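What follows is a set of notes on a single structure, which appears directly below.
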Amino acid sequence: MDSLNSLVDGFGTALTPLNLLWAAVGVLLGTAIGVLPGIGPAMAVALLLPVTYGLEPTGAFIMFAGIYYGAMFGGSTTSILLNTPGESAAVVAAIEGNPMAKSGRGAQALAAAAGGHFAGGMIGTVLLVALAPAVAALAVDIGAPDYFAIMVLAFIAVTSVLGSSRIRGLASLLVGLSIGLVGLDRMTGRPRLTFGSLQLADGIDVVIVAVGLFAIGEALWVAAHLRRGTADALPVGRPWLARSDLRRTWKPWLRGPLIGFPFGAIPAGGAEIPTFLSYVTEKRLSRHRDEFGRGAIEGVAGPESAASASAAGTLVSMLTLGLPTTAVAAVMLAAFQQYGIQPGPLLFEREPQLVWGLIASLFVGMVLLLALNLPLAPLWARLLRIPRPYLYAGILFFASVGAYAVGGEALDLVVLLVIGLIGFGMRRYGLPVLPAVIGVILGPAAEQQLRRALQISDGSLTGLVDTPFSVTVYCVVALLLTWPLISRALARRRNLTS
């Protein structure tokens, strides 16, 4: 009841005209920036930090929340329409959303994504209000072996369900893990694969990798094929979901938060793992498995709902523990400190108006996101009518600007081009791009958690399976690896009996 009363007070703060204005501005700015390839929510919040110096803290963080959700939806928009994710959480949306767009259902894919963001954000924020103390306690208890097990599960899941073969998925994952090795060893400080370059000592930013593999690789691939023929403008469908689409999306919308929220709240969190796991889950449960890879709407609705709920879960660790689990949370933590506020267990007591106003603004931001962006779905879908040469020239320009903005180094543009050529080669030889991005995002963190777990156990491999949670996750991994063999054996037995 105390939480409910505090939330009501928070709505009193969030629904003032000025704070509503900041929420609307945040959603529109976030969506507009998220649509640009390579400029995700973390960069959007970071770029707008100086703008908020003159604002009081509550209004500033309400606007940040709008930017966060708006940029996530913007990243999904460019991912669906152009096969170019604006940020890493939108990577999965391209798998089914882009084929939908190419078949004339781009507006339906955008509507499914918007509905997923709304449902996931609403359910995730309700869980944030109701379960924050319990989830925070769970996050404290999870150790290095558990983190490593979760990341192994993500690796196996993404290589098992994508691409024409597991071997190609594994090869793509190894490419990503190799790129993730570039930079200084986090434990020893020794350079790896830097080729003597000081600029590479900090590693290659995941934004550059994602933009290079997706945007540059896609642009080069399209340019190579445009020589053989002209590309007609793709048709654009209706902006609203039909009744048949709603029947296929409402269950993924509700399942997504159950996967996304816990992963956002734990320190191994972020929206990358739950979006992949949601995609795997929807593919397993769908009655339309034959459509996956060719434009299944469940493959858009579930992961987008999981991503939005993960964003709400991210705030659990940041507000209650002062522990940022994503790049956006890290930037927001810096913003808190800029105002002389330290997130942690005492934040709810010392700054109740700020905290509950921020939480209430998440509900308001979700409504604004749906109200502002769903009617704009046909407008975003019209991007498909731009002639391909001009469209991909624009993508190359904005991708280069986004990559250069990451570190301000000319070398970043060279790295972007090299990774773009790798992405082109992967398309040429049928390697899925997604496992490579996963390897870059999770590879360094998985290595760090593995080494920590082995240090704790004095080098014994049993230290990786000394908790019930890690054992459970490895059982799931074993099931994923052996399921094709098991299903084949069961099918053979059914044929023999029949």
Side-chain angles (χ1 to χ4, degrees), residues 76 79-80 83 90-120 122-123 153-154 156-166 169 237-261 263 273-310 374 377 432 434 476-477 479-495 497-498:
S76 303
S79 186
I80 290 168
N83 199 28
V91 166
V92 177
I95 302 173
E96 303 299 333
N98 190 247
M100 286 184 67
K102 289 180 177 178
S103 64
R105 287 171 51 79
Q108 280 74 29
L110 287 175
H117 277 287
F118 179 78
M122 284 293 186
I123 296 172
L153 173 61
I156 297 301
V158 76
T159 55
S160 297
V161 301
L162 297 174
S164 57
S165 73
R166 289 192 176 193
R238 294 180 297 108
W240 305 104
L241 291 174
R243 189 171 299 176
S244 59
D245 292 326
L246 286 173
R247 280 197 296 268
R248 293 177 59 178
T249 54
W250 73 269
K251 288 182 180 178
W253 283 344
L254 296 181
R255 279 192 290 259
L258 301 180
I259 300 173
F261 183 82
F263 276 94
I273 298 177
T275 52
F276 304 134
L277 295 183
S278 176
Y279 180 80
V280 173
T281 302
E282 297 308 326
K283 186 173 182 179
R284 298 289 186 198
L285 297 178
S286 176
R287 296 179 181 177
H288 306 86
R289 289 191 192 180
D290 56 316
E291 292 186 20
F292 275 80
R294 298 187 290 111
I297 198 168
E298 297 94 334
V300 177
E304 291 302 287
S305 179
S308 190
S310 175
L374 194 55
L434 190 55
V476 175
V477 169
L479 183 62
L480 278 175
L481 289 174
T482 58
W483 180 251
L485 298 176
I486 296 173
S487 60
R488 207 172 295 137
L490 292 174
R492 193 179 298 117
R493 179 176 293 181
R494 280 197 299 268
N495 292 332
T497 55
S498 60

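Keep in mind the model is a prediction, meaning the values are calculated, not measured.
Residues Gly120 and Pro257 come closest through the heavy atom pair CA-CG, 3.8 Å. Nearest heavy atom pair, residue Pro303 against residue Ser278, reads N-OG, 3.3 Å.
Considering only residues two or more places apart in sequence or on other chains, Leu258 meets the side-chain contact (heavy atoms from CB on, under 4.5 Å) condition with none of them. For Ala296, the side-chain contact (heavy atoms from CB on, under 4.5 Å) partners are Glu96, Arg248, Glu291, Phe292, Glu298, not counting sequence neighbours.
No donor-acceptor distance shorter than 3.5 angstrom exists from the side chain of Ser310 to the backbone of Ala306, with no hydrogens or angles considered. For the pair Trp253 (side chain) and Ala112 (backbone), a donor-acceptor distance under 3.5 Å is present. Judged by distance alone, the side chain of Ser305 and the main-chain N or O of Ala301 form no donor-acceptor pair under 3.5 Å.
Remark: Ile123 CD1 to Phe261 CZ distance equals 11.5 Å, nearest 0.5 Å. Distance check: Glu282 CD to Thr249 OG1 gives 10.5 Å after rounding to the nearest 0.5 Å.
Within the 4.5 Å cutoff, no side-chain heavy atoms of Phe276 are placed close to those of Leu153. Taking the side chain as every heavy atom from C-beta outward, Asp245 and Arg105 approach each other to under 4.5 Å.
Only one option out of Ile80, Leu110, Val300 pairs with Met100 in a side chain to side chain contact (heavy atoms under 4.5 Å, CB included); it is Val300.
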